[in-house]
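The block underneath contains the structure these notes are about, expressed in structure tokens.
As the structure is a computational prediction, the values presented were derived from the model and not from experiment.
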Amino acid sequence: MAKGGIISAIHQGSLAEELELVPGDKIISINEQELTDIIDLSFALADEEIEMLIEHENGEQEIIAFEKDIDEELGAEFESAVFGKIRQCANNCYFCFVDQVAPNMRDSLYIKDDDYRLSFLYGNFVTMTNMGPRDLERIHRLHLSPLYISVHTTNPKLRGEMLRTKRGELIMEQLAKLNEADVEYHTQVVLCPGLNDGAELDRTIQDIISMQPYAKTLGIVPVGLTKFRENCYPLKTFDAQGAKKVIEQVRHWQEKMRKQTGKNFIYLSDEFYLLAGEPLPKAEEYDGFPQLDNGIGLTRNFIEQWKETEINPNNYQKPLNLDIICGKSAGKVIKNLVDELNIDNLNANVLALENEFFGHEVTVTGLLTGQDIIKNLKQNKANRDGIIIPNCALREGEDIFLDDYTLEDIKKAFPDEEVKVASDAIMLKNLLADWHNIKCERSKAIYTWQSNASYTKE
């Protein structure tokens, strides 16, 4: 296993700068403890007296000894949170999205990570099928909590079949061990019609409820299918009637849990409500949006952000025509919000795009590609002054879409139109209200934008 983390950036005025560390330096060990990931690094740096073994880019090694305050941070960024190889998934799940990615795309899109460290650090969901006693011991010892667990079903035989590994049958035993270690976790189910829905879903819900208080939430998302499902297990997606049935089934459990605990505990992804044409739950029914990064409550959160954002509209002196890009499922919601704006001479057109690249069954905004965006913008070009691109369609920290088209490709395709990126409802609403005075700059996964009101969001 590779040891040591390579520094990618140094924060100005930081301890790392004072120690004269530079990008490219590798921190191999601290106080003779070898480092396998950023978790090791964080715990090792909790000491006040430090001996740090550094390897420079030229291969030369040196030990830097220093003292620090117990809560003082190093002030360095690393090439990866895992120092070495990410632990990959050894399953062959019926519904794996990576198996449905188009051929000949960048290598990173084919990586199936199943690493409990990324679960703790970033909220990535893991199946636990590649975890052994040493992993559980470390999770217990360092109290890596909460984790994010892909359950899918608690029926051992069915889970083993769906994940295509006997290790998948151990899920309830593994969750029980997390309970014994006082580790909390959020869980998810990728719901597949005819497999783990209906009575099987009731069983899963009941089993996960029984794992409280360590089980914090259960998120349920519909299986996503692309047109690149060659040699994959035959699956189908939910239709409106099927989505409505799931909503009714889960609502029964939500009502029961809210009476018992004051929270829903179980949360459905937005797609179920949008597909069924059902009203979205109220904001308070998401109990603080604990699975927002899993796409659960994104739409309601967007609506609430929009409503809470106060603007001072810059009534335009001449017509301003803007196109707002989004996925098919979000189109109606965003259009309704935009139509409520009353800004002189603003003509905002919401382009809810069909996903030609992955297939029409993929409707979420985050899976839009650069080539689909360019194609649709060319088809809908009519006196357009500007284009608003959704941040979620770009790779985190980079101006790259899933198909390797870049934001610069969009700008080159439409040189006479200004292209800006909206990261959330706050930015979108302010862009529409004051288009000419708000500048958006992307830099290393951080958005900074400013208007005449000097409003800065990071």
Side-chain angles (χ1 to χ4, degrees), residues 122-123 186 217 219 221 263-264 267-274 278-314 320 322-343 346 348-353 363-368 386-397 419-443 445-458:
Y122 303 123
H186 298 270
T217 63
V221 302
K263 295 184 177 181
N264 278 358
Y267 308 94
L268 286 174
S269 73
D270 301 9
E271 291 99 318
F272 285 109
Y273 300 102
L274 296 173
E278 292 275 326
L280 291 165
K282 297 177 181 178
E284 55 267 27
E285 295 180 59
Y286 286 101
D287 304 310
F289 299 94
Q291 291 213 24
L292 193 65
D293 288 342
N294 198 19
I296 296 177
L298 275 174
T299 308
R300 173 54 67 190
N301 187 62
F302 187 96
I303 293 171
E304 295 304 308
Q305 276 191 337
W306 180 279
K307 289 179 178 177
E308 292 170 4
T309 300
E310 296 184 4
I311 57 174
N312 296 311
N314 180 3
L320 176 67
L322 303 177
D323 276 353
I324 304 168
I325 301 298
C326 67
K328 201 71 177 177
S329 60
K332 185 176 180 180
V333 172
I334 295 177
K335 186 177 187 308
N336 288 342
L337 294 174
V338 171
D339 286 348
E340 292 174 1
L341 290 176
N342 186 21
I343 300 175
L346 173 65
N349 177 38
V350 178
L351 282 181
L353 309 187
T363 62
V364 296
T365 302
L367 292 178
L368 289 175
I387 301 164
I388 301 177
I389 302 293
N391 174 46
C392 62
L394 294 163
R395 187 178 181 183
E396 186 173 351
V419 178
K420 297 183 181 182
V421 180
S423 59
D424 54 23
I426 300 170
M427 187 182 293
L428 176 60
K429 194 170 185 179
N430 277 276
L431 280 173
L432 295 175
D434 199 10
W435 175 258
H436 299 299
N437 294 314
I438 293 181
K439 296 181 179 180
C440 309
E441 296 181 1
R442 294 186 95 242
S443 176
I446 297 176
Y447 262 103
T448 302
W449 60 281
Q450 296 184 326
S451 69
N452 289 340
S454 296
Y455 182 103
T456 303
K457 182 177 187 296
E458 293 190 357

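Rounded to the nearest 0.5 Å, atoms OG1 (T217) and NZ (K263) are 10.0 Å apart. Considering CG of L322 and CG of N349, their distance stands at 9.5 Å, rounded to 0.5 Å.
By the 6.0 Å contact criterion, CD on E284 is enclosed, its count of non-hydrogen atoms from other residues, nucleotides or ligands being greater than 12. In this structure, N342 places its CG atom where only 12 or fewer heavy-atom neighbours from other residues, nucleotides or ligands lie under 6.0 Å away.
Residues V221 and I296 are in side-chain contact: their nearest non-hydrogen atoms beyond the backbone lie under 4.5 Å apart. Annotation: side chain of L428 is in contact with side chain of F302 (closest heavy-atom distance under 4.5 Å). Proximity of V350 to C326: side-chain heavy atoms (C-beta onward) are separated by under 4.5 Å at one or more points. Side-chain contact between V364 and D270 is absent, with no heavy atoms from C-beta onward closer than 4.5 Å. Taking the side chain as every heavy atom from C-beta outward, P281 and Y286 approach each other to under 4.5 Å. No side-chain heavy atom of T363 sits under 4.5 Å from any side-chain heavy atom of L274. Y267 has its side chain out of reach of E285: every pair of non-hydrogen atoms, C-beta onward, lies at least 4.5 Å apart.
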Mind running side-chain contact (heavy atoms from CB on, under 4.5 Å) on I387 and I389 for me, showing each step along the way?
CA-CA 6 Å; I387 301 164; I389 302 293; 3.8 Å; yes
Begin from the C-alpha positions of I388 and L432 and carry the test side-chain contact (heavy atoms from CB on, under 4.5 Å) through to its verdict.
CA-CA 9 Å; I388 301 177; L432 295 175; 3.9 Å; yes
How far apart are the C-alpha atoms of F272 and E278, what are their side-chain angles, what is the distance that settles it, and do they pass the side-chain contact (heavy atoms from CB on, under 4.5 Å) test?
CA-CA 8 Å; F272 285 109; E278 292 275 326; over 6 Å; no
Would you sort out whether W306 and N301 count as a side-chain contact (heavy atoms from CB on, under 4.5 Å), showing the intermediate values?
CA-CA 9 Å; W306 180 279; N301 187 62; over 6 Å; no
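Under 3.5 Å, the side chains of N391 and S423 contain no donor-acceptor pair of N or O atoms. The closest side-chain donor-acceptor pair between N437 and D434 falls under 3.5 angstrom.
Counting only residues at least two apart or on different chains, the salt bridge (charged side-chain N to carboxylate O under 4.0 Å, His left out) pairs with a member in residues 295-309 are R300-E304. For residues 286-297, the set of pairs meeting the salt bridge (charged side-chain N to carboxylate O under 4.0 Å, His left out) definition, not counting sequence neighbours, comprises R258-D287.
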